[in-house]
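Presented below is the structure to which this report refers.
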2 protein chains.
Amino acid sequence: MPITKVNENELLDRLTDVFRTYGYEGASLSKISEVTGLQRASLYHRFPGGKEDMAKAVLERAGQWLTGQVLAPLSEPGKPADRIRHMAKELHSFYAGGKHCCLLDSLSFGSDDSDIRQHVQQGMSEWVDKLAKVVREAGVSSKNARQHAQDAISHIQGTLVVARVMKDYGPFERMLSELPTTLLRKKS
Amino acid sequence: MPITKVNENELLDRLTDVFRTYGYEGASLSKISEVTGLQRASLYHRFPGGKEDMAKAVLERAGQWLTGQVLAPLSEPGKPADRIRHMAKELHSFYAGGKHCCLLDSLSFGSDDSDIRQHVQQGMSEWVDKLAKVVREAGVSSKNARQHAQDAISHIQGTLVVARVMKDYGPFERMLSELPTTLLRKKS
DNA sequence: GTCTATAGCTTGATAGAC
DNA sequence: GTCTATCAAGCTATAGAC
């Protein structure tokens, strides 16, 4: 008999799935309970702050994943273009080829000053900063680097929206393959 | 004393606002009632199908707006680049400079086979088709035209996500100003 | 750590007066 | 066409046994 019915990682996997599919309001405790196989009270034992705690934990782990898996290749040795291609490959698996949508999108609706919204904003902000840093190191001017990073993240988000709505994963794939070019372009 | 407390247009304006801000699940009847100034029962008098009817009406009108105001300039006489610039101007006002997010995003969460989701998909599908048609007429190959249309709509959606999350409207503005170039590029 | 049971509120929707 | 009043079902959250 295991100490826990579902281990931490698997639990967070399933929570992530519910939140990104249904959004914060749409992710009811009934759905969460069903998907995780844990009863309401068990969920509250693990996340005393309730649904909000769950969403924050999910965001937290996604951020760590992004930093550790997706952005890590950007800091390794090698030609900038190669490193970005490596990142594109990691992004492809992170978003399951476009079939998984982004938590930064699904959790960014609702009241403007909610706690979750602030976490989402911080997450995207870090993403932009880290990406811009690498682009700058590849020789792009500071202002252009930040814009390229913003544009790349915009395009990632947009192709994921199109993928979700149209079930067409072409734009996402195309965007990834063009990332090295668009990110490292010298002139805007 | 007016026959109706709120006229059709204004009512749909406010409904649009609630749905795009909070998403479908987040747009509770309490919020809707508060924002529109109508009680639940009055809303059900106007929309017998309830919340789903409201969302469909909102989507319907947004689609008409897109066709009539945003895409119309694409069919007028003039150089293709000029027509696209005109469209960009209309898009700018349609999305309030990036401050309004897109219903196709906010209403595309939740169960995969919901009625609303199908309406959303149809809306985006029409948008892609109409945009691709004009790009094709401007001399871009059929396959490239469709890809450019998809990419443009992806980038619109993405910059709107970034705008919502970061409250940074730069990427949206930049994307609009680059639309003529990106849409009419001959090679992908 | 997980469960059953339940409190208390909010939800979407309806009935019927004016 | 709008309202007040109400319903059953859903929601988040908690208490307490094992």
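A, B, ... follow the sequence lines: proteins, then strands. Residue 1 opens every chain.
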**OP:** Specify the closest pair of heavy atoms between B:Tyr22 and A:Gly110, including all atoms of both residues, with the distance to one decimal.
**Re:** CD2-CA, 3.5 Å
Please list, for nucleotides 11-18 of chain D, all pairs of protein and nucleotide N/O atoms separated by less than 3.5 Å.
{"from": "D:dC11", "atom 1": "OP1", "to": "A:Ser28", "atom 2": "OG", "distance (Å)": "3.1"}
{"from": "D:dC11", "atom 1": "OP2", "to": "A:Ser30", "atom 2": "OG", "distance (Å)": "2.5"}
{"from": "D:dT12", "atom 1": "OP1", "to": "A:Leu29", "atom 2": "N", "distance (Å)": "3.4"}
{"from": "D:dT12", "atom 1": "OP1", "to": "A:Lys51", "atom 2": "NZ", "distance (Å)": "3.1"}
{"from": "D:dT12", "atom 1": "OP2", "to": "A:Leu29", "atom 2": "N", "distance (Å)": "2.6"}
{"from": "D:dA13", "atom 1": "OP2", "to": "A:Tyr44", "atom 2": "OH", "distance (Å)": "2.4"}
{"from": "D:dA13", "atom 1": "OP2", "to": "A:Lys51", "atom 2": "N", "distance (Å)": "3.4"}
{"from": "D:dA13", "atom 1": "O5'", "to": "A:Tyr44", "atom 2": "OH", "distance (Å)": "2.9"}

Subject >> Minimum heavy-atom distance between B:Thr159 and B:Pro171, given as atom pair plus value >> reply: CG2-O, 3.4 Å
Original post:
Just how far, in rounded Å, is P of C:dT2 from CD of A:Glu8?
Top reply: 11 Å
Original post:
Side chains of A:Arg20 and A:Ser106: do they bring a donor and an acceptor to under 3.5 Å?
Top reply: no
Subject >> Closest non-hydrogen atom pair, B:Lys56 against B:Ile116 >> reply: CG-CD1, 4.0 Å
Subject >> Closest contact, heavy atoms only, A:Val165 versus B:Leu104 >> reply: CG2-O, 3.5 Å
Original post:
Should the heavy atoms of other residues, nucleotides or ligands under 6.0 Å from NZ of A:Lys143 be counted, would the total exceed 12?
Top reply: no
Original post:
Between B:Gln39 (CD) and C:dG12 (P), how many Å, whole number?
Top reply: 14 Å
Original post:
Hey, are B:Arg85 and B:Asp82 close enough for a salt bridge, meaning a charged N less than 4.0 Å from a carboxylate O?
Top reply: yes
**OP:** Taking B:Arg164 for its side chain and A:Phe109 for its backbone only, find out whether a donor-acceptor pair lies under 3.5 Å.
**Re:** no
**OP:** Send over the distance from B:Lys5 NZ to D:dT2 C1', rounded to a whole Å.
**Re:** 8 Å
**OP:** Find the distance B:Leu38:CG to D:dT4:C1' and express it as a whole number of Å.
**Re:** 15 Å
Original post:
Can you check whether A:His45 has a side-chain N or O nearer than 4.0 Å to OP1 or OP2 of C:dT2?
Top reply: no
Subject >> Residue-level proximity of residues 108-116 of chain B to DNA chain C when a heavy atom falls under 4.0 Å >> reply: none
Original post:
So does B:Ser42 get a side-chain nitrogen or oxygen closer than 4.0 Å to the phosphate oxygens (OP1/OP2) of D:dC3?
Top reply: yes
